[in-house]
Amino acid sequence: MNNKRTEMIIEKPDNLVELFESSTEKFANNRLFGTKNKQSGIFDWITYGDVLKRVDNFRGGLAHHNIQKGDAVGIISSNRVEWAVAAFASYGLGARFVPMYESENYRTWEYIIKDSNVRFLLVSTPAIYEQIKQLKDKIPALENIYIIDTTGEQSMNHLESIGETKIVTSHIPASSDIASLIYTSGTTSEPKGVLLTHGNFTSNARAGYRRYINQLDQNSVSLSILPWAHSYGQTAELYNWFFFGGSIGFMQSMESLADDFVKVKPSFLIAVPRVFNKIYAGIHQKMHEEGGFKLKLFNNSLKAARKYRLNQGRVGLDTKMMYWIGSKLVFSKIKERFGGELLGSITGSAQMNEEVTSFFADIGVSVYNCYGLSETSPAITMNSPELNRQGSVGSALEFIEIRIDRSMVDDLSDDGEIQVMGPNLMVGYHNKPETTKEVFTEDGWLRTGDRGKLDADGFLYITGRLKEQFKLENGKYVFPSAIEEDIVLLPYIETAMIYGDGRNYNICIVVPDHAILNKTAKQLNIKTEVDKLIHSPFVQEFVGIEIRKSLKEKYGSYEIPKKFIFADEPFTVENGFLTQTLKLKRRLVIEKFKDQIEALYQE
């Protein structure tokens with residue numbers, strides 16, 4: 001294999017320890033992390049300097065347990081102050097940090113802890129500790145388990161107090177040293193530990209920041225929604241923020257998100273399309289329920305706003321007046337839901353729907369698509385205010401190259417597999433040399449498994465995922481994710497999955513939005529319970545017609561589903577049908593509904 005990717009020189013700071021220490025010195029008195037007080041509901045903030053002290057103390061505590069360079073320190077926790085403290089303390093000893101999702105299942109925790117040889121494990125709650133304490137007897141490498149939310153000798157606080165008396169100078173790692181093992185979701189197989197270096201993270205976070213250098217500064221605030229156990233949240237939010245000294249408030253829960261927005265007042269958001277899709281659908285549903293003058297004002301305001309934006313303000317007096325009225329009476333109220341200060345967001349994990357992107361741009365919240373993988377630390381391309389092309393996922397970040405391999409597709413399309421070279425490429429998959437070999441080409445490029453094409457200016461357009469695409473009986477290819485993203489914009493659809501591999505037409509598995517259906521039923525004075533309502537032939541026919549109607553103008557007739565399966569149970573992370581980044585685990589969904597799928601095609 002060509003070693004071009006290992007010869008790249010990364011500018012300083014080229015490791016997370018120096019980034020952290022230079023930032024906490026420069027921005028010592030700035031607010032860094034905000035945590036919601038469960039009693040008062042107010043966010044309590046701590047500074048960069050406060051976090052530095054805790055990292056120094058916890059590093060001493062880890063050293064007390066003889067954690068050294070190359071050892072693995074694991075954590076099972078959602079985003080919180082202690083997550084960052086544990087991460088940077090581990091990096092300062094040359095250790096590898098292994099984050100795990102708090103909402104993950106026991107088997108996955110056990111697999112990751114064993115596969116990565118975790119020596120020291122930190123867990124958020126006593127309840128999680130009770131689930132995994134027996135692993136000390138099953139996994140020889142695991143020596144210590146500490147708890148964040150407890151007191152006594154097994155608490156993180158206790159270990160920090162020990163470390164405070166035994167301060168250990170930080171070790172400055174090389175850019176090529178492993179910083180973290182990020183375990184992929186395992187949608188089709190067991191999780192894979194992605195080995196990412198200090199240079200991977202710092203080069204990627206810096207490259208992303210440079211795209212937003214005119215928008216992000218010490219006054220910037222984020223509301224942390226995406227889990228740091230994934231590289232997207234880590235790089236785009238946590239490490240990125242250290243370059244400019246901004247603040248991060250932690251979402252308490254999905255249920256409290258609306259209140260958290262208002263109290264944190266974020267100016268910039270690191271998100272996934274599903275967040276904006278839900279808000280978009282909710283706003284439109286509410287306005288249609290209101291009807292009358294309010295709906296007319298809403299529609300006229302949006303029409304004026306789009307015209308104003310597309311013509312860069314060069315519009316007639318009537319349009320300017322309608323835009324001004326809409327901004328004051330309509331858009332300001334929508335923006336208040338986000339805290340009133342939100343200027344923009346980047347979204348990854350999936351392609352943002354163009355209509356949703358346009359809607360938020362019209363009301364004054366610009367949402368920019370980006371693209372990447374865990375294996376690329378994660379960002380490959382990014383849109384930004386100065387470099388933006390709607391419909392694309394942006395152009396390559398600095399020092400990253402993209403090529404399109406058309407040999408990977410067997411149709412006559414002008415796209416191909418997206419392949420990447422740059423300082424953001426992982427070292428490989430932990431303990432999986434053969435899988436690592438398969439994902440790299442002979443000349444060192446990483447195969448993304450995604451289909452796409454580049455325009456003349458270097459903007460990348462995603463056309464599908466090689467593993468997700470399927471061919472109908474008539475030989476036509478279907479890329480299901482784009483169709484699904486459009487279907488879920490309908491207010492009464494929570495999730496949808498398109499299937500038709502080798503068949504003569506597509507079907508769609510639909511998860512209705514129970515809350516919306518229940519509300520609609522009450523308005524129509526229908527007494528039937530929602531669980532029974534979704535099996536009503538009338539309701540199913542109505543939803544099917546609405547889905548087909550919404551897709552008609554955008555997709556070929558062969559892509560539009562002809563029949564539907566209605567699921568009783570939502571697809572969630574907890575029941576295993578969604579990954580932690582809210583992607584469908586298609587194989588598991590197909591397995592669950594295989595009998596119903598077969599029955600539909602037999603009709």
Practice problem: Evaluate the side-chain contact (heavy atoms from CB on, under 4.5 Å) criterion for residues Phe268 and Ile346: first the C-alpha distance (whole Å), next the side-chain angles of each, then the deciding distance (0.1 Å), finally the verdict. | Solution: CA-CA 8 Å; Phe268 201 85; Ile346 62 169; 3.9 Å; yes
Quiz prompt | Residue pair Met382, Leu387: steps toward the side-chain contact (heavy atoms from CB on, under 4.5 Å) verdict | solution = CA-CA 8 Å; Met382 193 175 284; Leu387 283 170; over 6 Å; no
Practice problem: Show the numbers, then the answer: is there a salt bridge (charged side-chain N to carboxylate O under 4.0 Å, His left out) between Asp443 and Arg403? | Solution: CA-CA 12 Å; Asp443 54 350; Arg403 72 182 184 190; 2.9 Å; yes
Quiz item: Going through the distances and angles, do Arg447 and Glu438 end up as a salt bridge (charged side-chain N to carboxylate O under 4.0 Å, His left out)?
Solution: CA-CA 8 Å; Arg447 307 176 196 268; Glu438 288 169 9; over 6 Å; no
Exercise. Quick one: do Arg586 and Glu484 satisfy salt bridge (charged side-chain N to carboxylate O under 4.0 Å, His left out)? Show the steps, please.
Key: CA-CA 12 Å; Arg586 296 177 185 277; Glu484 291 155 1; 2.7 Å; yes
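Checking side-chain atoms of Thr579 against main-chain N and O of Lys583 turns up a donor-acceptor pair under 3.5 Å. At distances below 3.5 Å, at least one donor-acceptor pair connects side-chain atoms of Lys265 with backbone N or O atoms of Val262. With hydrogens and angles ignored, the 3.5 Å screen pairs a side-chain donor or acceptor of Asn575 with a backbone N or O of Pro570. Within the 3.5 Å criterion, the main-chain N or O of Ile493 finds no donor-acceptor partner in the side chain of Asp513. The backbone N or O of Arg314 lies less than 3.5 Å from no partner atom in the side chain of Asn311, so there is not a single donor-acceptor pair. Between the side chain of Thr495 and the backbone N or O of Val511 there is no donor-acceptor pair closer than 3.5 Å.
Taking 4.0 Å as the cut-off between side-chain N and carboxylate O, Lys471 and Asp501 do not count as a salt-bridged pair. With respect to the salt-bridge test (charged N to carboxylate O, under 4.0 angstrom), the residues Arg406 and Asp415 do not qualify. Salt-bridge annotation for Arg306 and Glu355: present, with a side-chain N of the basic residue lying under 4.0 Å from a carboxylate O of the acidic one. A salt bridge does not link Arg451 to Glu468: none of the charged nitrogens lies less than 4.0 Å from a carboxylate oxygen.
For the residue pair Glu341 and Ser267, no side-chain donor N or O sits within less than 3.5 Å of a side-chain acceptor on the partner. A side-chain donor-acceptor contact under 3.5 Å links Ser358 and Gln390. Between the side chains of Ser395 and Arg211, at least one donor N or O sits under 3.5 Å from an acceptor N or O. Side chains of Gln252 and Asp260: no donor on one and acceptor on the other come within 3.5 Å. Side-chain N/O atoms of Ser224 and Asn79 include a donor and acceptor closer than 3.5 Å. Side-chain contact of Glu485 with Asn277: a donor-acceptor pair under 3.5 Å is present, judged by distance alone. A side-chain donor-acceptor contact under 3.5 Å links Tyr492 and Glu546. For the residue pair Tyr429 and Glu375, a side-chain donor N or O sits within less than 3.5 Å of a side-chain acceptor on the partner. In this model, a donor atom of one side chain and an acceptor atom of the other lie less than 3.5 Å apart for Asp450 and Tyr371.
Taking 4.5 Å as the limit, some side-chain heavy atom of Thr108 sits within range of a side-chain heavy atom of Pro191. Between Phe360 and Tyr280 there is a side-chain heavy-atom pair separated by less than 4.5 Å. Using a 4.5 Å cut-off on side-chain heavy atoms (C-beta onward), Asn204 and Thr376 make no contact. Taking the side chain as every heavy atom from C-beta outward, Leu181 and Tyr183 approach each other to under 4.5 Å. Residues Arg96 and Leu195 have side chains in contact (heavy-atom distance under 4.5 Å, counting atoms from C-beta outward). Looking at heavy atoms from C-beta onward, Thr347 lies out of side-chain contact with Val272 at the 4.5 angstrom threshold. Side-chain atoms of Val589 and Lys585, non-hydrogen and from C-beta on, never get closer than 4.5 Å to each other. No side-chain heavy atom of Tyr323 sits under 4.5 Å from any side-chain heavy atom of Ser301.
Around atom NZ of Lys562, more than 12 heavy atoms belonging to other residues, nucleotides or ligands sit under 6.0 Å away. No more than 12 heavy atoms of other residues, nucleotides or ligands shown are found within 6.0 angstrom of NZ on Lys307.
Using a 30° and 60° split on the angle between ring planes, Tyr91 and His198 fall in the perpendicular class, above 60°.
For the ring-ring contact (aromatic ring centres under 6.0 Å, His included) criterion with Tyr239, the lone passing option out of Tyr232, Phe244, Phe201 is Phe201.
Nearest heavy atom pair, residue Thr197 against residue Ser176, reads CG2-O, 3.5 Å. Of all heavy-atom pairs between Glu102 and Ser78, the closest is OE1-N, 3.0 Å.
Proximity of the aromatic rings of Tyr555 and Phe479 is defined here by a centroid distance below 6.0 angstrom, and this criterion is not met. Taking the six-membered ring where the residue is Trp, the centroids of Phe97 and Trp228 are separated by 6.0 Å or more. In this structure, Tyr477 has its ring center no closer than 6.0 Å to that of Phe470. In this structure, His284 has its ring center under 6.0 Å from that of Phe298.
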